[in-house]
Number of protein chains: 2
Amino acid sequence: MNRITVLLVDDHLVVRSGLKALLGTQPDIEVVAEAASGEDGLALAEQHSPAVVVMDLAMGAGMDGIEAIKQLRRRNAKQAVLVFTTYDSDADIVRAVDAGAMGYLLKDAAPEEIFAAIRGAVQGKSVMSAPVASRLFQQLRNPDEVLTPREAELLSLLIEGLSNRELGQRLFISEATVKTHLAHIYAKLGVETRAAAIATAIRREGMR
Amino acid sequence: MNRITVLLVDDHLVVRSGLKALLGTQPDIEVVAEAASGEDGLALAEQHSPAVVVMDLAMGAGMDGIEAIKQLRRRNAKQAVLVFTTYDSDADIVRAVDAGAMGYLLKDAAPEEIFAAIRGAVQGKSVMSAPVASRLFQQLRNPDEVLTPREAELLSLLIEGLSNRELGQRLFISEATVKTHLAHIYAKLGVETRAAAIATAIRREGMR
DNA sequence: GGAGGTATCAGCCAAAAGGCTGAGAGACCA
DNA sequence: TGGTCTCTCAGCCTTTTGGCTGATACCTCC
């Protein structure tokens, strides 16, 4: 029986170490490489061609997880990417799925859940933690309130405290477009100002 | 030679698992128990009397790490507490030290740093990650950046997303006064806009 | 009793943000 | 092929915010 090869991408050594220890207990799963950054992750994915990439979203410096997933998808369609992160923010979920993630696990997930997600991923099954699933269901019930990927991306920069001009420069779009997106975001979040949007995003969306 | 007994308290299984794997490589350190919540941590600390408690601050539900540290100190337990967390927020650092923590490590710390912190802790030495130390030094060097009580009060309302007018109404002061306070807050936080102030307050000051 | 810190307020001006309407391009789908 | 969604952009106008300068009042501390 072929073992499932896995690449771990997480900037926290303890998390990589913990995942490795957990996955090491499973005879059919093998961690073939580890990376501490998105850049390293891409290089190692190319080098080892693992069946599954387990990826954190928040990486201290450099390329973040979402960008790394996009790059992976752009280069090679074979690897299934599992997001493995601390927060179940709506925006992150939307962006990760949009980027091409196969599953979305939270770091407090039970070991069996993690194993199942990895085994499912190689078979093309989407697996996600219960809180993540429930968020998605709620979004299905209220489709009007779902942020588009671009809006989510903008929101994630908004909560960094950037101005409209800075947002435009960062996303290579005009300030007018930024304002359009912001207006839509405000409507969906049910707020009127950017300050309230930031506050809401950080609390309700769990962003930070 | 006596081994240093350690209790792990972290709500993430992978982190506990990773720490255990890392610490297991050291002959003089032994993990004697693990807890996934502050409450369990207190109970296990009493039961096992470990030399060192490695504690996460953000625990999903129930008692958080700071409260658990306070409880431990209140029971005048002998254990040295090492904080082991993801964020180096000023407010968390101050609160943890105030609660009686012996050290403050970030989750991206190198293994040697973690080992050294545990060994130091049993000898009464304070050890902290470099970014944490630099934050503390910065606070000591720049007492000017400490918010006055009124400013802190205003900031706590600011991060709710209120406008200047609303802030004035809530605090029974004129909008002009609100603007004065805000200008001072921005200067102390090192930002230029309210959006950045909110973002900074929530991250660096740990407010929410 | 003066110095320094804190909290209060005013007015003026420039910049930023927000509300509104309209519109074109590309993707996707029935 | 036509409708819908998303992303993009523009112009116009009002409101809000931020920068600056200066002022009064209270408190504490030396």
Side-chain angles (χ1 to χ4, degrees), chain A residues 66-67 70 73-74 90-91 93-100 136 139-201, chain B residues 139 142-201:
Chain A
I66 299 279
E67 183 56 31
K70 284 186 187 165
R73 291 275 68 81
R74 208 166 291 151
D90 286 348
I93 296 172
V94 169
R95 290 175 64 212
V97 171
D98 184 62
L136 280 183
Q139 296 195 338
L140 284 180
R141 279 198 301 275
N142 298 11
D144 289 354
E145 293 174 11
V146 181
L147 298 179
T148 69
R150 192 59 158 171
E151 286 163 0
E153 195 180 359
L154 204 142
L155 180 57
S156 77
L157 289 176
L158 184 70
I159 66 174
E160 302 286 325
L162 302 191
S163 69
N164 290 351
R165 180 171 307 166
E166 291 168 324
L167 290 172
Q169 289 169 347
R170 197 75 85 81
L171 296 175
F172 305 107
I173 56 180
S174 79
E175 217 176 311
T177 305
V178 170
K179 291 170 91 171
T180 303
H181 284 310
L182 282 181
H184 294 159
I185 291 174
Y186 295 166
K188 290 180 179 178
L189 293 185
V191 300
E192 278 113 48
T193 66
R194 81 166 44 208
I198 294 172
T200 301
Chain B
Q139 290 198 338
N142 300 344
D144 289 355
E145 293 175 10
V146 179
L147 298 179
T148 70
R150 192 57 156 172
E151 285 162 0
E153 192 180 0
L154 205 140
L155 181 57
S156 76
L157 290 176
L158 185 70
I159 65 174
E160 302 287 324
L162 303 190
S163 69
N164 290 349
R165 181 171 306 166
E166 291 169 323
L167 290 172
Q169 289 169 346
R170 197 76 83 81
L171 296 175
F172 305 107
I173 57 180
S174 79
E175 217 175 312
T177 306
V178 169
K179 292 171 82 172
T180 303
H181 284 310
L182 282 182
H184 294 158
I185 291 173
Y186 295 165
K188 289 179 179 179
L189 292 185
V191 299
E192 278 113 47
T193 68
R194 80 169 42 211
I198 294 172
T200 302

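Here is how names work: the chains are called A, B, and so on, in the same order as the sequence lines, proteins then strands, and each is numbered from 1.
- In plain terms, the two heavy atoms of B/Ala201 and B/Ile159 that are nearest each other are CB-CG2, 3.9 Å.
- The OH atom of A/Tyr186 sits 12 Å away from the C1' atom of D/dT16 (whole-angstrom rounding).
- In this structure, the side chain of A/Thr177 does not engage the main chain of A/Ile173 through any donor-acceptor pair within 3.5 Å.
- The interatomic distance linking A/Leu162 (CG) with C/dA16 (P) rounds to 14 Å, in whole Å.
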Tell me, for nucleotides 3-11 of chain C in 5' to 3' order, what letter each nucleotide earns: B for a base near a protein heavy atom under 4.0 Å, S for only sugar-phosphate near one, - for neither? ---SSBBB-

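- Between the A/Glu160 side chain and the A/Leu157 main chain, no donor and acceptor come within less than 3.5 Å of each other.
- Rounded to an integer number of Å, the gap from CD of B/Glu166 to C1' of D/dT16 is 12 Å.
- Whole-Å rounding puts the A/Leu167 CG to C/dG18 C1' distance at 14 Å.
- Nearest heavy-atom pair across B/Arg150 and B/Leu171 is NH2-O, 3.2 Å.
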Please report the C-alpha distance between A/Leu158 and A/Glu166 in whole Å, then the side-chain angles of each, then the deciding distance to 0.1 Å, and finally whether the side-chain contact (heavy atoms from CB on, under 4.5 Å) criterion is met. CA-CA 10 Å; A/Leu158 184 70; A/Glu166 291 168 324; over 6 Å; no

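- One N or O on the side chain of A/Ser156 and one on the backbone of A/Glu153 form a donor-acceptor pair closer than 3.5 Å.
- Going from atom CZ of B/Arg165 over to atom C1' of D/dT16 covers 9 Å, rounded to whole Å.
- Going from atom CG of B/Leu154 over to atom P of D/dG18 covers 12 Å, rounded to whole Å.
- Here B/Asn164 does not reach the OP1 or OP2 of D/dT16: none of its side-chain N or O atoms lies under 4.0 Å away.
- One can place CD1 of A/Ile198 at 10 Å from P of C/dA17, the figure rounded to the nearest angstrom.
- For the pair A/Glu153 CD and D/dT6 P, the computed distance is 15 Å after rounding to whole Å.
- Across C/dG19, D/dG19, D/dT17, the shortest atom-to-atom separation from the side chain of B/Glu192 is found for D/dG19.
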